[in-house]
Amino acid sequence: MDQVTALTDEALLNEALAGCEEAWTALVDRYHGRGFRYLRRQIQDPDLAQDIMQNVWASLVQSLSRGQPDSFAALFWTLLKRRLVDELRRRGRSREAATLEEEAGDGPPLLEQQAAPTPDPADEAVRSEAGQILREALNRLPDHYRLVIVARQLEGRSNREAASLLVAEGLVKPEGDIEKRVENYYYRGLKELRRQLTAMGYPGGGSAA
Amino acid sequence: MTRPIEAVVAEAQERLQRDGRLDVKAFAAAHPEYRTELEELLPVMLQLEQERRWRRAEAQSRSFAHGLFRQLAPAARPTSVGELFRREQAEAGLTPEEQARHSGLPVDAIWRLSQEETPVEQLDNAAIRQLASRVAAPFTALLKEIRRLTSLDALTRSSGPAAVFTRDRETSSDAEREALRKRVQEAARRPPEES
C-alpha cells in the first residue's frame with residue numbers, strides 16, 4: 001500500500017483505470033478527507049455534506065468515463081466548489097455563495113490549500129473548528145473515560161459492549177457490575193470533557209455545535 | 001427516592017441516541033434536582049452527537065466513493081481484440097464463418113483474431129497493420145471491423161445515466177443507447193457492402 005500511496009494522482013488514476021482497486025481507494029482517500037473537512041467548515045449539516053460529497057464523486061467518475069482530466073486535483077476541487085456553491089444558492093445563501101466563488105477565484109489550488117491534510121496549529125480557521133477542539137479535549141481525558149464516551153456516544157455501542165472493551169483494554173478488572181461502572185465513567189467523563197472544553201476557551205464548554 | 005445523576009445522564013444519552021435529538025431545557029426541567037448540572041452537561045452530549053453524525057457522514061460518503069470503482073473499472077478495463085470478436089459471436093449469435101462473411105475477413109483470420117490478446121486500447125493504425133499481417137487479413141477490412149466492434153463494445157459495457165461517448169456518436173439515455181446497440185447489431189448481421 002505504501003508503494004501505491006507514493007504515486008502521483010495521475011499514476012494512481014492510470015492504475016485505477018487499468019483495474020487496480022487499491023489505487024482507486026488510495027486516490028479517494030487522498031482527497032475525500034480533505035474535501036470533507038473543507039465542507040465541514042462551510043456548512044453545518046453532515047447529511048448535506050454527505051450528499052454533496054457523494055454527488056461530487058459520482059460526477060467525477062462520470063467525467064472520467066468521458067476521458068482523463070489534465071489534473072485530477074483540479075477536477076475534484078472544481079466539482080466540489082461547484083456543488084457547494086449550487087447548494088448554498090439553492091438554500092438562499094447567495095452572499096456566501098458569491099463570496100466563496102470570489103475567494104476561490106484562483107481556482108482549485110486555493111481551495112486545496114484551505115483544506116490541507118496537516119493543518120498548521122496556528123491556522124485560526126482550523127483551530128476554531130468545533131470537531132477539532134472536541135477531538136483535542138477527548139484526547140486529554142483519562143483512558144477509561146475516553147473509551148466509554150467514544151464507545152457509547154461516537155460509535156453507538158451498548159453499555160455491555162463498552163464494558164467488554166474496558167475489560168479487554170485492561171482498564172477495569174472483570175469483577176462486579178461493570179455496566180454500572182460504564183454509566184459512572186460516562187457521567188464523569190462528560191463532566192471532565194466539559195471542564196477541558198472550558199479550559200480550552202470553548203465558550204459554554206460545548207454549547208456551540 | 002431520587003435517582004442517581006449517572007442514571008439520569010444515561011437516560012438522556014439513550015434518548016439522544018434513539019431520537020437523534022434532545023430538548024435540553026425540557027429534559028433539565030423534568031429533573032429539577034439536577035437541573036443546573038444537566039444544563040451544563042447536555043450541550044456537551046449534543047456536541048458529541050453532532051460529531052458522531054459528521055463521522056458517520058464522512059465514513060458513508062467515503063465508502064460510497066470507494067464503491068464507485070465498480071462503475072469505473074468495467075468501463076476502463078482493457079479489452080483484448082480476442083474478447084471483442086468472441087463477445088460478438090456470443091451476443092449476436094454469429095459463427096466465425098458468418099463473422100468472416102460480414103466483415104470481409106478470412107475465416108482463418110477470424111479464428112486467430114478470436115485468440116488475440118492485444119488490448120484494444122493499444123491499437124493504432126500501425127499496430128493494426130502489424131496485426132493484419134500477423135493474422136493474414138486485409139488491413140482496411142480489419143481496421144473497419146475493429147472500429148465497428150469497439151463502438152459496439154463501448155455501448156454494451158456502458159451503464160447508468162451517464163452520457164456514453166462512442167467513436168461515432170453520443171447518446172444520453174438508456175433507450176437511445178439500446179436502440180443504437182440494436183442498430184449496430186443489425187448492421188453486424190447484414191452482408192458487407194460491395195466495395
Side-chain angles (χ1 to χ4, degrees), chain A residues 16-21 24-25 28-29 31-33 35-37 40 44-54 56-58 60-67 130-131 134-135 138 149-150 152-156 159 180 182-184 186-188 190-191 193-194 197 204-209, chain B residues 4-14 16-18 24 37-78 119 121 154 157-165 170:
Chain A
L17 290 172
C20 176
E21 187 163 6
W24 175 247
T25 302
V28 168
D29 289 347
Y31 282 90
H32 188 81
F36 216 83
R37 274 194 295 278
R40 189 168 176 174
Q44 305 296 317
D45 181 357
D47 294 335
L48 176 60
Q50 181 179 345
D51 283 351
I52 291 175
M53 278 307 284
Q54 292 186 180
V56 165
W57 282 112
L60 191 140
V61 166
Q62 221 173 72
S63 170
L64 291 176
S65 73
R66 293 191 287 269
L134 186 63
R135 282 191 288 279
L138 275 169
I149 286 184
V150 169
R152 291 287 286 128
Q153 188 82 52
L154 297 183
E155 296 174 356
N159 270 359
K180 207 79 183 162
V182 168
E183 269 189 11
N184 181 272
Y186 181 79
Y187 162 66
R188 290 179 187 282
L190 213 54
K191 278 182 77 165
L193 186 60
R194 182 180 186 278
L197 286 167
S207 57
Chain B
I5 178 81
E6 289 91 335
V8 175
V9 168
E11 182 197 330
Q13 198 265 332
E14 277 160 20
L16 178 60
Q17 205 162 49
R18 187 187 62 230
V24 172
E37 196 168 9
L38 288 173
E39 283 178 348
E40 286 176 358
L41 292 183
L42 297 189
V44 180
M45 197 187 281
L46 290 183
Q47 198 189 341
L48 284 165
E49 172 64 11
Q50 184 72 353
E51 178 65 16
R52 185 187 71 78
R53 290 182 61 211
W54 276 108
R55 286 185 182 200
R56 189 188 57 189
E58 202 273 347
Q60 287 181 348
S61 51
R62 184 186 293 263
S63 170
F64 171 85
H66 287 161
L68 288 173
F69 178 75
R70 285 188 289 276
Q71 285 185 30
L72 180 75
R77 184 164 35 90
E121 283 77 3
R157 278 144 58 88
S158 63
S159 61
V164 177
F165 180 73
E170 189 170 353

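Every chain is numbered from 1 and lettered A, B, ... according to where its sequence line falls, protein lines coming before strand lines.
- Applying the side chain to side chain contact (heavy atoms under 4.5 Å, CB included) rule to B/A65 yields the partners A/V28, A/W57; only residues at least two apart in sequence or on another chain are considered.
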Check your understanding: Can A/Y187 and B/E37 be said to form a side chain to side chain contact (heavy atoms under 4.5 Å, CB included), step by step?
Key -> CA-CA 11 Å; A/Y187 162 66; B/E37 196 168 9; 2.4 Å; yes

Exercise for review: Take A/L197 and B/Q47 through the test side chain to side chain contact (heavy atoms under 4.5 Å, CB included) and record every step on the way to the result.
Suggested key: CA-CA 11 Å; A/L197 286 167; B/Q47 198 189 341; 4.0 Å; yes

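- When all heavy atoms of B/R52 and A/Q153 are compared, the closest pair comes out as CD-O, 3.0 Å.
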**Study point:** Trace of the side chain to side chain contact (heavy atoms under 4.5 Å, CB included) decision for A/H32 with B/E58
**Key:** CA-CA 8 Å; A/H32 188 81; B/E58 202 273 347; 3.3 Å; yes

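- Proximity to chain B is limited to the side chain of A/I149, based on heavy atoms less than 4.5 angstrom apart.
- For the set B/Q13, B/M45, B/E14, B/R55, the entry with the most heavy-atom pairs within less than 4.5 Å of chain A is B/Q13.
- Contacts of B/L42 with chain A are absent, with no heavy-atom separation under 4.5 Å from either backbone or side chain.
- The two residues B/F69 and A/A16 have their closest heavy-atom pair at CE1-O, 3.6 Å.
- Using a 4.5 Å cut-off between heavy atoms, B/R53 touches chain A through backbone and side chain atoms alike.
- Atom CZ in A/R188 sits 6.0 Å away from atom CD in B/E6 (nearest 0.5 Å).
- With a 4.5 angstrom heavy-atom cutoff, A/L64 touches chain B only via side-chain atoms.
- Between B/A57 and A/P46, the closest heavy-atom pair is CB-O, 3.3 Å.
- The CG atom of A/D51 lies 10.0 Å from the CZ atom of B/F64; values are rounded to the nearest 0.5 Å.
- Between B/E51 and A/R40 there is a salt bridge, since at least one side-chain N of the basic residue sits less than 4.0 Å from a carboxylate O of the acidic one.
- Nearest approach of A/L190 to B/V44, heavy atoms of both residues: CD1-CG1, 4.1 Å.
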Practice item. Any chance you could lay out the side chain to side chain contact (heavy atoms under 4.5 Å, CB included) test for A/L60 and B/L68, step after step, and finish with the verdict? Key: CA-CA 10 Å; A/L60 191 140; B/L68 288 173; over 6 Å; no

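- Counting heavy-atom pairs under 4.5 Å between each of A/M53, A/E183, A/E21 and chain B puts A/E21 at the top.
- Here B/A59 pairs with nothing under the side chain to side chain contact (heavy atoms under 4.5 Å, CB included) rule; sequence neighbours left out.
- Here the options are B/R62, B/R56, B/Q60, the test is side-chain hydrogen bond (donor to acceptor under 3.5 Å, both in side chains), and the partner is A/Q50; only B/Q60 passes.
- Among A/K180, A/K191, A/R152, the residue making the largest number of heavy-atom pairs under 4.5 Å with chain B is A/R152.
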